[in-house]
Amino acid sequence: MLLNNKKIAIVGGGPGGLTLARLLQLNGATVNVYERDMNKDARVQGTTLDLHEESGLKALRQAKLLDAFKKNYRPGADKMIIVNEHAQVFFSDHEGKPQEDFGSEHFRPEIDRGPLRKMLLESLQPDTVVWNSQFVSMQKQNDGWLLHFKNETSAYADIVIGADGANSKIRPYLTPIKPFYTGISGILTVDGIHHPETKAPRIDKLLNGGKIMAFGGGKCITVASKGNGGLAFYVSYKVEESNLKKINFSDKTQLLAWFKKDFPEWSSIWLELFENTETTFTVIPIYCMPLDQTWQTLSNLTMLGDAAHLMPPFAGEGVNMAMLDALELSDCLCSGKFRDIQTAIASYENQMRKRAAEAAQESLENGDKIHSKEALDKMLAFFNGL
Ligand SMILES: Cc1cc2nc3c(=O)[nH]c(=O)nc-3n(C[C@H](O)[C@H](O)[C@H](O)COP(=O)(O)OP(=O)(O)OC[C@H]3O[C@@H](n4cnc5c(N)ncnc54)[C@H](O)[C@@H]3O)c2cc1C
């Protein structure tokens with residue numbers, strides 16, 4: 001195998017990096033994951049993710065983790081209602097959704113980010129993940145790289161894989177190409193509301209263990225139930241990036257004033273969310289990598305997931321692409337089909353860029369649709385199959 005006697009460093013222990021570590025270990029490779037979090041419980045994990053048959057689930061099947069996934073996913077969490085800014089319901093699939101199961105092309109089971117990460121971590125050999133390892137720089141050493149971390153430790157690897165997400169610090173070693181702002185920003189709370197039945201009863205009733213998508217005036221609020229009984233949500237709309245920098249979203253008075261000013265058409269029912277959220281909000285300007293990006297393949301460095309092809313979250317493809325990247329990269333490196341590592345990486349990168357560009361295009365188009373004045377009609381047509 002091409003990876004015999006090679007030390008592999010995956011930087012970033014998100015879904016993409018951990019799936020790759022698992023797949024490489026199944027093939028007998030020597031792998032470490034360097035993750036900046038202090039430990040596995042250091043960070044509250046956000047909303048649910050739906051995995052797709054042809055990508056995320058395909059990677060899990062190959063990683064022999066489908067049974068573990070079945071124990072951790074949340075049946076029913078994919079049920080959805082579509083409402084307007086006054087919370088009037090226009091679409092619901094809570095009653096009439098066709099029964100689908102694993103193996104069906106349209107089945108998109110939801111899993112919370114926390115259990116997905118836990119499941120992937122538990123599948124790895126002990127001490128695979130080196131916590132508290134925030135990558136800061138690296139330099140060439142022999143045929144590989146010497147990586148340096150913020151905690152002043154260093155590690156050598158023959159091959160480095162950047163799986164360190166949207167603000168990747170590995171990416172500049174491959175390409176100077178930067179993502180562009182899509183004109184849309186999200187205001188997000190990952191921990192949301194712990195007891196929505198008392199803190200946000202009207203929203204909780206609508207939510208009913210699934211998801212709400214609300215559209216009005218070119219703006220969108222997405223609410224999702226969490227496995228712990230709580231809810232998380234994010235607001236997204238077209239806005240100048242600089243306008244949001246002026247607001248302190250941790251200050252409840254500023255938060256409520258911002259919502260009332262920028263969402264004047266929205267009914268007071270939505271204030272339940274902002275008044276009762278227990279943690280702070282994060283502003284996420286939505287960026288996307290250029291769709292025609294390319295770079296020269298190296299023999300000892302590549303990247304996957306958001307690090308390689310950050311895209312807006314409006315087609316639900318980000319995590320699925322990251323996990324499919326992991327599958328395709330491990331296949332290229334371990335299948336024996338390629339004469340050397342550089343050729344294997346080149347094959348992976350070519351197909352990954354093409355596939356990710358198609359998903360990014362769909363995500364950009366959905367972003368435009370969701371944040372248009374006619375969003376409600378367009379989304380109803382989509383969900384009604386018109
Ligand atoms: C609001 C929102 C909603 C979304 N909804 C969906 C959805 O419904 N469906 C979907 O498919 N996708 C969704 N996404 C996108 C999805 O979250 C990402 O595409 C996915 O998490 C990418 O996985 P990844 O492993 O590439 O990167 P990440 O999940 O970002 O993981 C990167 C890891 O690297 C670590 N790291 C970062 N920097 C360093 C460093 N310097 N050194 C060491 N470690 C580092 C981080 O701590 C993290 O653990 C959403 C994104 C947002 C913002």
Side-chain angles (χ1 to χ4, degrees), residues 9-21 32-40 42-43 45-52 55-57 59 77-78 80 108 110-113 116-117 120-121 129-138 147-151 153 155 160-172 182 184-190 192 211 213 220-222 224 232-236 281-289 303-326 329 352 356 359-360 362-363 366-367:
I10 298 172
V11 177
L18 295 178
T19 304
L20 179 66
N32 275 117
V33 177
Y34 296 93
E35 166 56 49
R36 74 176 166 192
D37 286 352
M38 292 299 283
N39 57 56
K40 67 181 172 46
R43 192 157 46 95
Q45 301 278 317
T47 48
T48 56
L49 296 161
D50 58 309
L51 296 195
H52 304 173
S55 45
L57 291 176
D78 56 334
M80 131 113 84
R108 297 191 157 188
E110 301 262 350
I111 187 165
D112 282 17
R113 286 173 194 255
L116 176 64
R117 191 184 216 196
L120 289 167
L121 286 170
V129 180
V130 188
W131 298 101
N132 186 23
S133 301
Q134 181 169 347
F135 170 87
V136 283
S137 66
M138 63 185 179
L147 296 93
H148 303 290
F149 302 100
K150 197 176 172 194
N151 64 5
T153 60
V160 173
I161 292 139
D164 51 339
N167 300 309
S168 173
K169 298 288 180 287
I170 297 285
R171 185 179 164 87
T182 59
I184 301 167
S185 280
I187 293 90
L188 167 79
T189 159
V190 288
K211 286 192 170 189
M213 290 194 85
C220 175
I221 298 184
T222 307
F233 67 98
Y234 66 91
V235 173
S236 54
F281 287 80
T282 312
V283 177
I284 303 191
I286 311 275
Y287 276 70
C288 184
M289 292 297 174
M303 55 188 171
L304 58 69
D306 280 5
H309 47 63
L310 178 65
M311 64 184 74
F314 306 118
E317 287 289 0
V319 83
N320 286 286
M321 289 297 105
M323 293 170 75
L324 187 56
D325 291 348
L329 178 56
M352 173 267 283
E362 188 191 345
S363 306
N366 283 358

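Atom set for the values below is all heavy atoms of this structure, side chains included, hydrogens, waters and symmetry mates excluded. One-based numbering, in listed order, for ligands and for the atoms of each.
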**Student:** Roughly how far, to the nearest 0.5 Å, is the CD atom of E317 from the NE2 atom of H52?
**Tutor:**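 Separation between the atoms: 5.0 Å.
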
**Student:** Who's closest to atom 46 (C) of ligand 1 heavy-atom-wise, of K169, E35, K150, Q134?
**Tutor:**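 Looking at heavy atoms only, E35 sits closest to atom 46 (C) of ligand 1.
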
**Student:** Yes or no: does A307 have any heavy atom under 4.0 Å from an atom of ligand 1?
**Tutor:**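 Outside the 4.0 Å threshold, so no.
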
**Student:** Counting both backbone and side chain atoms, is some N or O of K211 under 3.5 Å from an N or O of ligand 1?
**Tutor:**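 N/O-N/O distance below 3.5 Å does not exist for this pair.
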
**Student:** Quick check: does any side chain N or O of N151 sit under 3.5 Å from a backbone N or O of N132, one acting as donor and the other as acceptor?
**Tutor:**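 Judged by distance alone, yes, a pair lies under 3.5 Å.
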
**Student:** Using a cut-off of 6.0 Å, state whether more than 12 heavy atoms not belonging to N167 lie near its atom CG.
**Tutor:**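 Atom CG in N167 is not crowded, with 12 or fewer foreign heavy atoms closer than 6.0 Å.
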
**Student:** For atom 29 (O) of ligand 1, which of G165, G305, P15 has the closest heavy atom?
**Tutor:**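 Residue with the shortest heavy-atom distance to the ligand atom: P15.
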
**Student:** Atom CZ of R36 and atom OG of S133: how far apart are they, to the nearest 0.5 Å?
**Tutor:**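 Nearest 0.5 Å value for the CZ-OG distance: 12.5 Å.
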
**Student:** Does any N or O in the side chain of S168 come within less than 3.5 Å of the main-chain N or O of D164, such that one atom is a donor and the other an acceptor?
**Tutor:**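 No.
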
**Student:** Between F135 and ligand 1, does any nitrogen or oxygen pair lie at a separation below 3.5 Å?
**Tutor:**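 N/O-N/O distance under 3.5 Å: yes.
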
**Student:** Report yes or no: does N320 contribute a side-chain atom to a donor-acceptor pair with the main-chain N or O of S55 at less than 3.5 Å?
**Tutor:**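 Judged by distance alone, no pair lies under 3.5 Å.
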
**Student:** Taking atom CE of M321 and atom CG of L310, what is their separation to the nearest 0.5 Å?
**Tutor:**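 M321 CE to L310 CG: 14.0 Å, rounded to 0.5 Å.
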
**Student:** Do any nitrogen or oxygen atoms of A166 come within less than 3.5 Å of a nitrogen or oxygen of ligand 1?
**Tutor:**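 Between A166 and ligand 1, no N or O pair is found under 3.5 Å apart.
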
**Student:** Could you tell me whether the side chain of V129 reaches within less than 4.5 Å of the side chain of K40, counting heavy atoms only?
**Tutor:**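 Contact flag for K40/V129 side chains = no.
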
**Student:** Can you report which non-hydrogen protein atom sits closest to atom 19 (O) of ligand 1, along with the distance?
**Tutor:**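 Ranking protein heavy atoms by distance from atom 19 (O) of ligand 1, first comes D306 OD1, 2.8 Å.
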
**Student:** Counting heavy atoms only, which part of L49 comes closer than 4.0 Å to ligand 1: side chain, backbone, both or neither?
**Tutor:**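 Under 4.0 Å from ligand 1, L49 contributes side-chain atoms alone.
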
**Student:** Would you kindly specify which portion of F149 sits under 4.0 Å from ligand 1, judged on non-hydrogen atoms: side chain, backbone, both or neither?
**Tutor:**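 It is neither part, as no heavy atom is under 4.0 Å.
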
**Student:** Could you grab the distance from atom CZ of R108 to atom CG of L57, nearest 0.5 Å is fine?
**Tutor:**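 Taking CZ in R108 and CG in L57, the distance rounds to 10.0 Å.
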
**Student:** May I ask you to list the atoms of ligand 1 that are less than 4.0 angstrom from any heavy atom of R117?
**Tutor:**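 Under 4.0 Å from R117, ligand 1 has these atoms: 49 (O).
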
**Student:** Please state which part of E317 comes within less than 4.0 Å of ligand 1, counting heavy atoms only: side chain, backbone, both or neither.
**Tutor:**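 The part of E317 near ligand 1 is the backbone, not the side chain.
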
**Student:** Can you tell me how the ring of Y34 sits relative to the ring of F149, calling it parallel under 30°, perpendicular over 60° and tilted otherwise?
**Tutor:**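 Ring orientation of Y34 relative to F149: parallel.
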
**Student:** Return the residue, atom name and 0.1 Å-rounded distance of the protein heavy atom closest to atom 25 (O) of ligand 1.
**Tutor:**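 Among all protein heavy atoms, the one nearest atom 25 (O) of ligand 1 is G16 N, 2.9 Å.
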
**Student:** Using a heavy-atom cut-off of under 4.0 Å, does the side chain or the backbone of M303 touch ligand 1, or both, or neither?
**Tutor:**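 It is neither; nothing of M303 touches ligand 1.
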
**Student:** Are any of the N or O atoms of G318 closer than 3.5 Å to those of ligand 1?
**Tutor:**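 The answer is yes, given that G318 and ligand 1 share an N or O pair closer than 3.5 Å.
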
**Student:** Taking only heavy atoms of Y34, which atoms of ligand 1 are found under 4.0 Å from at least one of them?
**Tutor:**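 Checking each atom against Y34, I get 43 (C), 44 (N).
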
**Student:** At what distance, to the nearest 0.5 angstrom, does NZ of K211 lie from OG1 of T48?
**Tutor:**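 Interatomic distance, K211 NZ to T48 OG1, rounded to 0.5 Å: 4.0 Å.
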
**Student:** Using side-chain heavy atoms (C-beta onward) and a distance below 4.5 Å, is I161 in contact with L304?
**Tutor:**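 Side-chain contact under 4.5 Å: yes.
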
**Student:** At what distance is the nearest protein heavy atom to atom 34 (O) of ligand 1, and which residue and atom is it?
**Tutor:**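 Of every protein heavy atom, G12 CA, 3.2 Å lies nearest to atom 34 (O) of ligand 1.
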
**Student:** Identify the protein heavy atom lying closest to atom 11 (O) of ligand 1, giving its residue, its atom name and the separation to 0.1 Å.
**Tutor:**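 Closest protein heavy atom to atom 11 (O) of ligand 1: V319 N, 2.8 Å.
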
**Student:** Enumerate the atoms of ligand 1 whose separation from the nearest heavy atom of S133 is less than 4.0 angstrom.
**Tutor:**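 So the answer, numbered in order with elements, is 42 (N), 43 (C).
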
**Student:** To the nearest 0.5 Å, what is the distance between CD1 on I286 and CD1 on I184?
**Tutor:**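 It comes to 7.0 Å.
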
**Student:** Is there any N or O on P313 that sits under 3.5 Å from an N or O of ligand 1?
**Tutor:**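 For ligand 1, there is no N or O atom that lies under 3.5 Å from one belonging to P313.
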
**Student:** Name the closest protein heavy atom to atom 53 (C) of ligand 1, giving the residue it belongs to and the distance to 0.1 Å.
**Tutor:**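 The closest heavy atom on the protein side is I284 CD1, 3.9 Å.
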
**Student:** Flag R36 as yes when one of its N or O atoms lies below 3.5 Å from any N or O atom of ligand 1, and as no otherwise.
**Tutor:**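 Among all N and O atoms of R36, at least one is under 3.5 Å from an N or O of ligand 1.
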
**Student:** Taking C-beta and beyond as the side chain, do M38 and W131 meet within less than 4.5 Å on heavy atoms?
**Tutor:**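 Answer no - side chains too far apart.
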
**Student:** Identify, for atom 21 (O) of ligand 1, the protein heavy atom at the shortest distance, and state residue, atom and that distance.
**Tutor:**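 Among all protein heavy atoms, the one nearest atom 21 (O) of ligand 1 is R113 NH1, 3.8 Å.
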
**Student:** Provide, to 0.1 Å, the distance between atom 31 (O) of ligand 1 and the closest protein heavy atom, together with that atom's residue and name.
**Tutor:**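 It is G14 CA, 3.4 Å.
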
**Student:** In the protein, which heavy atom is nearest to atom 32 (C) of ligand 1, and how far is it?
**Tutor:**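 The closest heavy atom on the protein side is A163 O, 3.5 Å.
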
